[in-house]
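We name chains A, B, ... by the order of the sequence lines, and we start the count at 1 in each one.
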Protein chains: 2
Amino acid sequence: MTNARDEIFRTLADPTRRAIFERLCREGEKTVGALTVHAGVSQPVVSKHLATLKRAGLVRDRHEGRQTHYSAEFAALAPLVDWANEMTGFWEKKFDALEDLLKRMDQ
Amino acid sequence: MTNARDEIFRTLADPTRRAIFERLCREGEKTVGALTVHAGVSQPVVSKHLATLKRAGLVRDRHEGRQTHYSAEFAALAPLVDWANEMTGFWEKKFDALEDLLKRMDQ
DNA sequence: TCGACGTATAGCCAGCGGGCTATGAATGAG
DNA sequence: CTCATTCATAGCCCGCTGGCTATACGTCGA
């Protein structure tokens, strides 16, 4: 029952994980080792976070020899943006309704 | 050190809390009691979630007699949208760079 | 003034999850 | 073949937090 939107929010809630994702967004494809250097946590933890990000569809992995290259999946952010737009959309709707009401009152 | 963006993500990560926020977005100002009816959790829990949402700047409260009315603060979603745009922005940048590269190669 | 009502706070518990180390599995180098 | 390298997995621990009940606090009606 836990939908994609929920998973995206949960996944991006952790600062360490979000930092890893940000890094992939800014600097493109990176190996686990390269990410670990600046992550501030151990390599297994980085791998774990990457697995979580992958399950949420936020990253892709590409195996090349013994290293795994990860890259950001930008499109996966769409549900988040859509949700935010939907929420603020309700505000605009109400604003429109208010405007409409005022117009009617003006008549 | 935990900035606003971080707090917003953490706050919206919980499904129950996000549902409450969504409800406030969709249906406007609501009392704690009204929110509790459909929240699926006890009243104290709803109050707690509302306090968390308030600390994150996502809702406002208005006291009227013994009831407290809460309403969504849509503007508080801006950091979230900005962040998402920034992330996808890196993608566009890279796309532009690629386009530029292809142009140069074409010459 | 007193009781009922609406909300917030306190205190507790259990589970989730993020951190660690140790180790396994796969690949490359020599 | 053997050893080093790179990453993933396993197993553990502990703090955080979301849930609960009980209760305190403030407000309204009688």
Could you check how far [atom1] of [X] sits from [atom2] of [N], rounded to whole Å?
{"X": "Lys48(A)", "N": "dA22(C)", "atom1": "NZ", "atom2": "P", "value": "16 Å"}
{"X": "Asp14(A)", "N": "dT17(D)", "atom1": "CG", "atom2": "P", "value": "12 Å"}
{"X": "Glu64(B)", "N": "dG6(C)", "atom1": "CD", "atom2": "P", "value": "14 Å"}
{"X": "Asp61(A)", "N": "dC7(D)", "atom1": "CG", "atom2": "P", "value": "12 Å"}
{"X": "His63(B)", "N": "dT7(C)", "atom1": "NE2", "atom2": "C1'", "value": "9 Å"}
{"X": "Leu53(B)", "N": "dT7(C)", "atom1": "CG", "atom2": "C1'", "value": "16 Å"}
{"X": "Leu35(A)", "N": "dC7(D)", "atom1": "CG", "atom2": "P", "value": "9 Å"}
{"X": "Arg18(A)", "N": "dG18(C)", "atom1": "CZ", "atom2": "C1'", "value": "15 Å"}

Would you say that [X] contacts [Y] through its side chain, given a criterion of any heavy-atom pair below 4.5 Å between the two side chains?
{"X": "Glu86(A)", "Y": "Arg26(B)", "result": "yes"}
{"X": "Leu35(B)", "Y": "Leu50(B)", "result": "yes"}
{"X": "Leu80(B)", "Y": "Leu12(B)", "result": "yes"}

- When clusters are formed by joining ILVMFWY residues with side-chain heavy atoms under 4.5 Å apart, either directly or through shared neighbours, do Val41(B) and Val59(B) land in the same one?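 Yes; tracing contacts between hydrophobic side chains, which count when under 4.5 Å, links both residues.
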- Task: Kindly work out whether a path of hydrophobic side-chain contacts (I/L/V/M/F/W/Y, heavy atoms less than 4.5 Å apart) joins Val81(A) to Phe74(A).
- Result: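 Cluster IDs for Val81(A) and Phe74(A) differ.
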- Task: Could you tell me whether Ser42(B) contacts a base, only the sugar-phosphate backbone, or nothing, with contacts defined as non-hydrogen atoms closer than 4.0 Å?
- Result: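 Base: the residue Ser42(B), judged by heavy atoms under 4.0 Å, touches a nucleobase.
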- Message: Categorize Val45(B) for me: base, sugar-phosphate, or nothing, with a 4.0 angstrom heavy-atom threshold over every strand shown.
- Response: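 The residue Val45(B) makes base contact.
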Short side-chain N/O contact from [X] to OP1 or OP2 of [N], under 4.0 Å:
{"X": "Ser47(A)", "N": "dT9(D)", "answer": "no"}
{"X": "His49(A)", "N": "dG17(C)", "answer": "no"}
{"X": "His69(B)", "N": "dT7(C)", "answer": "no"}
{"X": "Tyr70(A)", "N": "dA8(D)", "answer": "yes"}
{"X": "Thr31(A)", "N": "dT6(D)", "answer": "no"}

Counting only side-chain heavy atoms from C-beta out, which of [options] sits nearest to [X]?
{"X": "Val41(B)", "options": "dG19(D), dT7(C), dG19(C)", "result": "dG19(D)"}
{"X": "Gln67(A)", "options": "dG19(D), dA8(C), dC7(D)", "result": "dC7(D)"}
{"X": "Thr68(A)", "options": "dA8(C), dA10(D), dC7(D)", "result": "dC7(D)"}

- Under 4.0 Å between a Lys/Arg side-chain N and an Asp/Glu carboxylate O for Arg18(A) and Asp6(B)?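 Asp6(B) and Arg18(A): salt-bridged.
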- Taking atom CZ of Arg23(A) as the centre, report whether more than 12 heavy atoms of other residues, nucleotides or ligands fall under 6.0 Å from it.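 Count over threshold, so yes.
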- Message: Check this for me: does the side-chain of Arg66(A) come within 3.5 Å of the base of dT5(D) through a donor and an acceptor?
- Response: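 Flag set: donor-acceptor pair detected.
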- Task: Please tell me which of Gly65(A) and Pro44(A) maps to the more 5' nucleotide of DNA chain C, matching each residue to the nucleotide holding its nearest heavy atom.
- Result: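 Taking each residue's closest nucleotide, the earlier one in sequence belongs to Pro44(A).
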- Message: In terms of relative ring orientation, are Trp83(A) and Phe9(A) parallel, tilted or perpendicular, with 30° and 60° separating the classes?
- Response: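 Perpendicular, since the angle between the ring planes exceeds 60°.
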- Taking five pairs at each end of the helix from dT1(C)-dA30(D) to dG30(C)-dC1(D), what angle separates the two helix axes (nearest 10°)?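 Axis angle across the helix from dT1(C)-dA30(D) to dG30(C)-dC1(D), nearest 10°: 20°.
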